[in-house]
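Here the structure is laid out as structure tokens; the discussion comes afterwards.
First listed ligand is number 1; within each ligand, the first listed atom is number 1. Worth knowing before you read on, the calculation uses all heavy atoms, side chains too, and leaves out hydrogens, waters and symmetry mates.
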Amino acid sequence: MRGLPEHVASHLGMLTTEERRFLYEFARDTFRGEGLIIDAGIFMGASTAALATGLRDRSPPYVGRPIQSFDLATCDQSTAETMAYHFPQEEWQQGKSFAHVLTRALSPYEDLVEFAVGDIRETLVNLNEPVELAFLDCSKLPSVNAHLTRVIFPRLIPGHSVVVQQDFFHEWLPWIHVTMGYLAPYFRFIGSAGPSAFFRCEKAIPEHVAAIDTWNDPPRPGLQMFDAGVPSGLSETEAYLADLARVSAVRWFEGVDASVQYANRLTKPSGETPWTLPEASFVADVMKGRGLDWAHAS
Ligand SMILES: C[S@@+](CC[C@H](N)C(=O)[O-])C[C@H]1O[C@@H](n2cnc3c(N)ncnc32)[C@H](O)[C@@H]1O
């Protein structure tokens, strides 16, 4: 097995080495050239660099532009701080576009990548081609999650295509688990790396099924769907992070008191964990102070 190229491992970004390796190897070894690779929410393009390098390292190198990458490319407060650290020659503040820096970072790959700047709900409105891989790292709002599900999932190839939910092992984005629970009959969990969960599509997803907004209009009790979306066989850390996401789901479906009670039952794994885990009591405190705006935000 060849190693991960150094420029992929070191490309500025938030992905773990194992996540980069998955993308690189998928593009190199598994991609069939029958459809697109959707890379949604790329910040500085670490995922795109891994995918494009994988395509280039095929034998022979892949010719074509199957990768479609998307980003808003507008600084929020934390991105502005990251940009100020890495690009101190410019001034950075919330609301400033980083599209020019991102375009430069993607320039070595422009023969393989189409890149769209803007809100993905406007830049990816429909797809007429199959999708072999969807790397989803911008489902920060329920409406974005619902949009990506509706547009992308009916184009997945059964038995082949993979969806990477990059925010799966994360405490604040429970709509992702609810969606994967609702769509559990169509997917098989095939593994994880860092915060990412990998799901292979096993059965064609009809458009009317993918069009359901599972967060705002769940067709059966939402918490049941959440639970159906959490795979078995997770590590202790992964199970804890999924449980923290469940606290937010309980807040949404059953109210503050139930969510605080649920958080209070959780125990943070002891010993070494791959990254610093939030305290369940912190999540409980957020729930106490939280209205429902967070989960409505559009
Ligand atoms: C956590 S960062 C992605 C990190 C990236 N995958 C990496 O490897 O470093 C999330 C990204 O999603 C983008 N994003 C958030 N909402 C979006 C939207 N509605 N449309 C397009 N991009 C969006 C943000 O601009 C940000 O760059």
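Nearest protein neighbour of atom 23 (C) of ligand 1, counting heavy atoms only, is Cys138 CB, 3.6 Å. Of the protein's non-hydrogen atoms, the one nearest atom 19 (N) of ligand 1 is Asp119 OD1, 3.2 Å. The nearest heavy-atom contact from the protein to atom 8 (O) of ligand 1 is Leu15 CG, 3.0 Å. Nearest protein neighbour of atom 2 (S) of ligand 1, counting heavy atoms only, is Met14 SD, 4.0 Å.
With sequence neighbours left out, the side chain to side chain donor-acceptor pair (under 3.5 Å) criterion links His11 to no other residue.
Near Asp137, meaning under 4.0 Å from any of its heavy atoms, are these atoms of ligand 1: 1 (C), 3 (C), 4 (C), 5 (C), 6 (N), 10 (C), 11 (C), 12 (O). Set against the non-hydrogen atoms of Gly13, the atoms of ligand 1 under 4.0 Å away are 9 (O).
Here's the thing with Lys140: none of its N/O atoms is less than 3.5 angstrom from an N/O atom of ligand 1. Of the N or O atoms in Phe70, none lie within a sub-3.5 Å distance of an N or O in ligand 1. The shortest N/O to N/O separation between Arg121 and ligand 1 does not fall below 3.5 Å. Residue contacts with ligand 1: Ser47 is placed with no nitrogen or oxygen under 3.5 Å of a nitrogen or oxygen of the ligand (distance criterion only). At under 3.5 Å, a nitrogen or oxygen of Leu72, whether backbone or side chain, sits near a nitrogen or oxygen of ligand 1. At least one N/O-N/O distance between Ile120 and ligand 1 falls below 3.5 Å. Considering both main-chain and side-chain atoms, Phe43 comes within under 3.5 Å of ligand 1 through a nitrogen or oxygen pair.
Closest heavy-atom approach to atom 26 (C) of ligand 1 within the set Asp71, Asp167, Val144: this belongs to Asp71.
For the side chain to side chain donor-acceptor pair (under 3.5 Å) condition, the pairs that include at least one residue of residues 60-74, sequence neighbours left out, are Thr48-Ser69.
The closest approach between any non-hydrogen atom of Gly118 and ligand 1 is below 4.0 Å.
Trp215 has its ring centre less than 6.0 Å from the ring centre of Phe253. Aromatic rings from Phe153 and Phe199 are positioned such that their centres are separated by 6.0 Å or more. The aromatic ring centroids of Phe198 and Phe26 lie 6.0 Å or more from each other.
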**Request:** Evaluate the criterion side chain to side chain contact (heavy atoms under 4.5 Å, CB included) for residue pair Leu148 and Phe70; output intermediate values, then yes/no.
**Result:** CA-CA 12 Å; Leu148 295 178; Phe70 300 86; over 6 Å; no

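Here the rule is side-chain contact (heavy atoms from CB on, under 4.5 Å) with Leu23, and of Thr53, Leu15, Val8 only Leu15 fits it.
Asp137 and Ser47 are not linked by any side-chain donor-acceptor pair at a separation below 3.5 angstrom, with hydrogens and angles left out of the test.
Between Leu102 and Met44 there is a side-chain heavy-atom pair separated by less than 4.5 Å.
Contacts between Ile42 and ligand 1, counted as non-hydrogen atom pairs separated by less than 4.0 Å, involve the backbone only.
When all heavy atoms of Ser139 and Trp175 are compared, the pair lying nearest together is O-NE1, 2.9 Å.
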